J.: 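Please see the structure below; I have some questions.
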2 protein chains.
Amino acid sequence: MAGRPREFDRDEALAKARDLFWERGYEGVSMADLVEAMGIASARIYAAFESKEALFQEAVTLYASGEGGFATRALAEEPNVLDAFKRLLRDAVLLYTRPNHPHGCMIVMAATNYTINSQAVRTRLGRYRRDRAGSLHERLKKASETGELKSDADPCALAEFYAAFLHGLSVQAADGVPREILLSTLPHALLPLKSAMSVKADSL
Amino acid sequence: MAGRPREFDRDEALAKARDLFWERGYEGVSMADLVEAMGIASARIYAAFESKEALFQEAVTLYASGEGGFATRALAEEPNVLDAFKRLLRDAVLLYTRPNHPHGCMIVMAATNYTINSQAVRTRLGRYRRDRAGSLHERLKKASETGELKSDADPCALAEFYAAFLHGLSVQAADGVPREILLSTLPHALLPLKSAMSVKADSL
DNA sequence: CACATTGTTTGTTGATCGACAAAGAATTGA
DNA sequence: TCAATTCTTTGTCGATCAACAAACAATGTG
């Protein structure tokens, strides 16, 4: 085994690629852009990451398990539904408007345009988004079963409402809407959940 | 003057270009794709539309003054704020999930990815989106002044909430969320406006 | 008719795309 | 020391990108 040791930091290079993809999307970033941003020749990128698409996939995974995991974390860690959604939405706004970082959500923004070659990428990101909607749905179904929600509440409609709003926040942030303004929309966004909650849980 | 008459229908060709851009975005459509979809050679496209970017711009204008103008129409034609927003959201869902058409909003989806060459396109679409948020804001400010809204309501936050939700609907629709499910989210989405309305206007 | 004007056809341009081949350099194990 | 292995350097590949040039065809006007 052995062989010549790699001269660059793979994780560091991957993070740079993630930031570039985050900012400009999959097709918006060329290999030449990656060469410049990562600071290594294209043949080295191919040796370390196999292809542009595989590199993008790794970058998305890095994002999803890091910054992008705020939703999963909020849903898993907050016992109260309302607290979970409050935190989730707030964290979303903070992430999407973080200074000195690309605005918006990488998974929402990185592949809406798509040529024939990037259909696979687009499809995969769509699955990520549907998964997120699915985890919102799961949490709300659980809330319905445990009595946190009123018996006539519709977890599916609520989940899709929040998924839509969350994805819309990303578009707004990418368009430069300031953090404070997006934060000011959150009390409105929480109304549907609040009004679907049973009085008992609400008064806890 | 005079000269040889054009053999193809310009409006028809433009509509086909719009549909293709709507489905795959600006960068997702190549001149070769346009040649195939419009059924005319590239030199004829350049003669009639000047450039790919100018063609795209015309396609967006066509969209905005046609299908995409639902928001403007609803806000202008419905005297009651609540009716206006009800109709606006409903029309959005219907348009974004229209069978045998590209799903989602052309202006939201057509340029989130962007290379260095398409920055101008992206910027222009961003302006369109901000204009839409602006017209929501205008209508809500008017509602605030005429007493339709409670005196402590915040038109800006409300407008940004609805802009975000609207843009999120587009992402959901593009991901294939069915029409009926998106429609089922609308009662939830209307809650913030309803609760910001003064009781007097609410009971009309 | 001749001429100006405009549309169409055909073929091609230079740039850029993602991807790799070949050769040299640095490491470990035998 | 010398293979075996892995990374780095350099150069380039064919495909595709948007865009156009030149020659030809069809119309209206004088």
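Proteins come first, then strands; the chains are lettered A, B, ... in the order of their sequence lines, and each starts at number 1. Remember, predicted model here, so these are calculated numbers, not experimental data.
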J.: Using whole Å, what does the distance between atom C1' of nucleotide D:dA26 and atom CZ of B:Arg6 come to?
T.: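 Nearest whole value for this atom pair: 14 Å.
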J.: Specify the separation, in whole Å, of atom CD1 of A:Ile40 and atom P of C:dA19.
T.: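 So the two atoms are 15 Å apart, to the nearest Å.
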J.: Assign A:Val29 to base, sugar-phosphate, or nothing according to its heavy-atom contacts below 4.0 angstrom with the strands shown.
T.: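 Sugar-phosphate: the residue A:Val29, judged by heavy atoms under 4.0 Å, touches backbone atoms but no base.
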J.: By nearest atom, which of the nucleotides C:dA19, C:dT8, D:dT8 is closest to the A:Ala47 side chain?
T.: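 Comparing C:dA19, C:dT8, D:dT8 against the side chain of A:Ala47, the answer is D:dT8.
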J.: Side chain of B:Ser42, heavy atoms from C-beta onward: which of C:dG24, D:dC20, D:dA26 has the nearest atom to it?
T.: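 Of all the options, the side chain of B:Ser42 is nearest to D:dC20.
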J.: To the side chain of B:Ala41, which of C:dT10, C:dT8, D:dG28 is closest?
T.: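 Within the option list, the nearest is C:dT10.
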J.: Measure from CZ on A:Phe8 to C1' on D:dT6 and round the result to the nearest Å.
T.: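 Interatomic distance, CZ of A:Phe8 to C1' of D:dT6: 12 Å.
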J.: Separation of B:Lys52 atom NZ from C:dT16 atom P, in whole Å?
T.: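 Rounded to the whole Å, the gap is 15 Å.
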J.: Hey, is B:Glu78 close enough to B:Arg73 for a salt bridge, meaning N to O under 4.0 Å?
T.: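 Judged by the 4.0 Å cut-off on N to carboxylate O distance, B:Glu78 and B:Arg73 do not form a salt bridge.
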J.: Give a yes/no answer on whether the side chain of B:Ser30 brings an N or O atom under 4.0 Å of OP1 or OP2 in D:dT16.
T.: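 Checking B:Ser30 against D:dT16: no side-chain N or O falls below 4.0 Å of OP1 or OP2.
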J.: Could you say whether B:Glu50 or B:Ala32 is positioned toward the 5' end of DNA chain D, judged by the nucleotide with the nearest heavy atom to each?
T.: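 Counting from the 5' end, the first nearest nucleotide belongs to B:Ala32.
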J.: Would you kindly check if the NZ (Lys) or CZ (Arg) of B:Arg130 is within the cone defined by 45 degrees around the ring axis of B:Tyr128 and under 6.0 Å from the six-membered ring centre?
T.: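 No - B:Arg130 does not lie over the ring of B:Tyr128 by the 6.0 Å and 45° rule.
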J.: Taking atom C1' of D:dT9 as reference, at what distance in whole Å does atom CD1 of A:Ile45 sit?
T.: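 Rounded to the whole Å, the gap is 14 Å.
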J.: So which one's nearest nucleotide on DNA chain C is more toward 5', A:Met31 or B:Ala43?
T.: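 The residue mapped nearer the 5' terminus is B:Ala43.
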J.: Send over the distance from B:Glu27 CD to C:dG18 P, rounded to a whole Å.
T.: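 These atoms are roughly 11 Å apart.
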J.: Run through B:Glu67, B:Glu12, B:Glu58, B:Glu23 and flag the one making a salt bridge (Lys or Arg N to Asp or Glu O under 4.0 Å) with B:Arg18.
T.: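 Testing B:Arg18 for a salt bridge (Lys or Arg N to Asp or Glu O under 4.0 Å) against B:Glu67, B:Glu12, B:Glu58, B:Glu23 leaves exactly one candidate, B:Glu67.
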J.: Considering only side-chain heavy atoms of B:Arg44, which listed nucleotide, D:dC20, D:dT9, C:dT8, is closest?
T.: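 Output: C:dT8.
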J.: Rounded to the nearest Å, what distance is computed from the CD atom of residue B:Glu7 to the P atom of nucleotide D:dC24?
T.: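 My rounded result for the distance is 18 Å.
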J.: So, A:Lys141 and A:Glu138, do they make that salt bridge, N to O below 4.0 Å?
T.: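 A salt bridge is present here (some side-chain N lies under 4.0 Å from a carboxylate O).
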J.: Which whole-number value in Å describes the distance from A:Arg4 CZ to C:dG29 C1'?
T.: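 About 19 Å, once rounded to whole Å.
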J.: Measuring from the side chain of B:Tyr46 (C-beta onward, heavy atoms only), which nucleotide among D:dA18, C:dT6, C:dA26 has the closest atom?
T.: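 Nucleotide nearest to B:Tyr46's side chain: D:dA18.
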J.: If the threshold is 4.0 Å, N to carboxylate O, is there a salt bridge linking A:Glu27 and A:Arg24?
T.: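 Salt bridge: no.
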